[in-house]
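In what follows, a structure is listed as structure tokens, so that the remarks can point back to it.
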Amino acid sequence: MEDFEAAKNRAAELRQLIEDADVAYYVKDSPTLSDYDYDELVVALKELESSFPELRTPNSPTQKVGGSLSRLFTPVRHVSAMMSLDNVFSFEELDDWFLRVKRGVSQLDSLDQAKLDFVIEPKIDGLAISLVYESGVLVRAATRGDGRTGEDVTANVETISAIPKRLESGVIDLLEVRGEVYMPIAAFKALNEHQQIQGKPVFANPRNSAAGSLRQKDPKVTASRSLSFWSYQLGEVRGGRDFTTHLQTLEYLADLGFPVNPSIVLSASETDIKERINDLNERRHDLDYEIDGAVVKINDLSLRERLGSTSRAPRWAIAYKFPPEEQITLLEDIMVSIGKSGKATPFGILKPVLVGGSTVSLATLHNEDQVILKDVRPLDYVIVRKAGDVIPEIVGPVLARRPTNSQPWTFPKTCPMCGGVLVRRENESDYFCIDYFCSGQIVQRISHFASREAMDIEGLGEQRVSQLVSNRLVTSPSDLYRLQAEDLLRLDKFADISARKLIDAIEGSKSRPLYRVLVGLAIRHVGATAAIKIASKVKSLSELLVVESADLSEIEGLGEIISNSVVKFVRDPITRGIVESLVEVGIGEAGLQEGPGESFDLTLSGLSFVVTGTLSSFTREQAERAITLRGGKVTSAPSTKTNYLVVGENPGASKLTKAERLGVRIIDENEFLETLERGDGDKVG
Ligand code: IVH
């Protein structure tokens, strides 16, 4: 009995949380929970109700279409109820749904059973709309509301150009079309930029901005917001034709001039359906609108009718939700990190959260202006986004959950590493620690020098460097080459073997080619490509000490900004000292060679590559190095500037489709080897 009491209380609590979240999402267009956390509450309530069926009352959120009505709009009763969809989060759960469907259908005769096939559609992340046409004229548009009654948003919907106001072909007494109003990603970005310029709050994501833009009192505001529409369901039709399948209704809608999503496909096999869902998930970032899953629907309309619906969702359709790319989590603190140039970058420490396929616990906040603009404060709940390969981003705070005693965050006045002042110069967005000998900067500079892109000293990561610096064994890269095994043995966590190994690795790096030393010096604007070019002219580090602007300007493709930066670096007494001390210990005399005896022609100069999949004769890194050593450039994703996509085994589907769409030349490993040797095939002939 006590169990039941506890369950009852927990159910009441869950219902309250769900209803509050519904109001924030549907009425205020400003969610307080991520979709993921919301779905978890619903799943928890469902489980509780299935253990204690007495708790499953008709007004439980598990039995209703989620949504509330705002007083801003006139309520309209829907011609027929607008339902929600049940969700699944894994292929196992999808299999259970297939089983339930087949069990339902197995009670029918075999002729009917043969009709079982499915339509797979992207699940558009916008807001559901019902459009009613009388005698071919749009007379009413309504939001889903609570499913029975929606909000009258006709005047606003009339401003959306993708939605027909008058139907050309045939006059039907009554036609109801359902679909999703959404904001294209480009329009969302432009809108947020505009909001920022005007000092107005930005929208968290395209779905909120679509809902916020449509649910406006003044249709002029809606008109300025570039909303669009995908239709996915034919509702009531009176005085029109009959249909037997969902696909026919979609074709009909397309003929009438409604936008129908091009990714919608028909499939009868469960394996194939899963592949299509995976494919949609992989392509989701190539679309110019957001999708949060796939919807699988039975195609045959008579089967749908026989399966029917529960009080909130049809049995003939299911939403497969993709893993979340947006979460809401606690921002525990905001701290500042010091980079190798002294740049002070604020970053958020987050309560770890699974988003975009990985656990995120840190996210950059870029600079002071960004923190102010986003108005994020320590102990706020914040929206965290990580889409695909993109680095995690703190989108903004959930103001409804802000602690009452919250204070805006202010940029620290002093460097957290050395205690020196942090300076923000006029017209710059970053603060800098201006003490070149700040221990934080030293650690970053030396870690960069030892990193894989530069001198590639194995075993010398940031932690080790930090240990060496705090024990005052190194302050400049050249100090590394003076280290003795005995120095290391005096430190924690060093034993004979590890000390010897590190000394050998440092010693081994002495033969690295000049371009790597140049990369390691972290001269402003000098990356691998520029370093390779410079090293082809300036043959050694000692020559670099006497280099003049005029020498550098002779190098093809090396701009003035880079040349000036190099000259400044070797003239500044401090940085010059660093170069001189490296020359003293014999670094950077090896010329443009990767290993002894190997040198490369700049066959790929000016060409840009993307590599995807596994190659048989190179690791990814070797392939990329082979390109940069020959003067080419490597980027992570195809763009209009990409010349070649090199494709190995199991390539990324999104890179392939993007390259195809952009007309990028796609080459296999053999063609890649040829290209390395003789450069751009197109140029050669
Ligand atoms: S069909 C009765 N198809 O998802 C079935 N809904 O979670 C009605 N949605 O309220 C919905 N894309 O706002 C359907 N291709 C699609 C959809 C879709 C997005 C939305 C719609 C619905 C919600 C349910």
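Nothing here was measured: the structure is a model prediction, and the numbers come from that model. Positions are given from 1 along the sequence. Whatever order the structure lists ligands and atoms in, that order sets their numbers, starting from 1.
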Compute the minimum heavy-atom distance from Met82 to ligand 1 and say whether it is under 4.0 Å. no

Test item: Glu13 and Arg10 side chains (from C-beta on) under 4.5 Å apart, heavy atoms: yes

Please write down residue, atom name and distance for the protein heavy atom closest to atom 8 (C) of ligand 1. Met83 O, 4.2 Å

Looking only at protein heavy atoms, which one is nearest to atom 23 (C) of ligand 1, and how far off is it? Lys123 NZ, 3.9 Å

Considering non-hydrogen atoms of the protein only, which is the closest contact for atom 5 (C) of ligand 1, and what is the distance? Leu85 CD2, 3.7 Å

Using a heavy-atom cut-off of under 4.0 Å, does the side chain or the backbone of Pro122 touch ligand 1, or both, or neither? backbone

Which residue owns the protein heavy atom closest to atom 15 (N) of ligand 1, what's the atom, and how far is it? Glu121 OE1, 2.7 Å

Rounded distance (nearest 0.5 Å) linking atom CD of Gln327 with atom OG of Ser34: 4.0 Å

Hey, which of Lys297, Glu176, Glu180, Glu121 is the one that makes side chain to side chain donor-acceptor pair (under 3.5 Å) with Gln233? Lys297

How far is atom 13 (O) of ligand 1 from its nearest protein heavy atom, and which residue and atom is that? Glu180 OE1, 2.6 Å

Would a distance-only check, ignoring hydrogens and angles, find a side-chain to backbone donor-acceptor pair under 3.5 Å from Glu151 to Ser70? yes

Is it true that Asp86 and Arg312 have a side-chain N and a carboxylate O under 4.0 angstrom from each other? yes

When you look at NZ of Lys28, are more than 12 heavy atoms from neighbouring residues, nucleotides or ligands closer to it than 6.0 Å? no

Among protein heavy atoms, which sits nearest to atom 2 (C) of ligand 1, and what does the distance come to when rounded to 0.1 Å? Pro314 CG, 3.5 Å

Taking atom types as modelled, find out whether Asp272 and Ser267 have a side-chain donor-acceptor pair closer than 3.5 angstrom. yes

What protein heavy atom lies closest to atom 22 (C) of ligand 1? Include the residue and the distance to one decimal. Arg144 NH1, 3.8 Å

Judged by non-hydrogen atoms, does Ala319 sit under 4.0 Å from ligand 1? no

Near Arg166 CZ, under 6.0 Å, is it more than 12 heavy atoms from other residues, nucleotides or ligands? no

Among non-hydrogen protein atoms, atom 12 (N) of ligand 1 lies closest to Ile124 N, 3.0 Å

Enclosure of Arg241 CZ (heavy-atom neighbours >12, cutoff 6.0 Å): yes

Quick look: Lys297 vs ligand 1, heavy-atom contacts under 4.0 Å, and the answer is side chain

Please state which part of Ala128 comes within less than 4.0 Å of ligand 1, counting heavy atoms only: side chain, backbone, both or neither. both

Atom 21 (C) of ligand 1: which of Trp230, Tyr182, Tyr232 has the nearest heavy atom? Tyr232

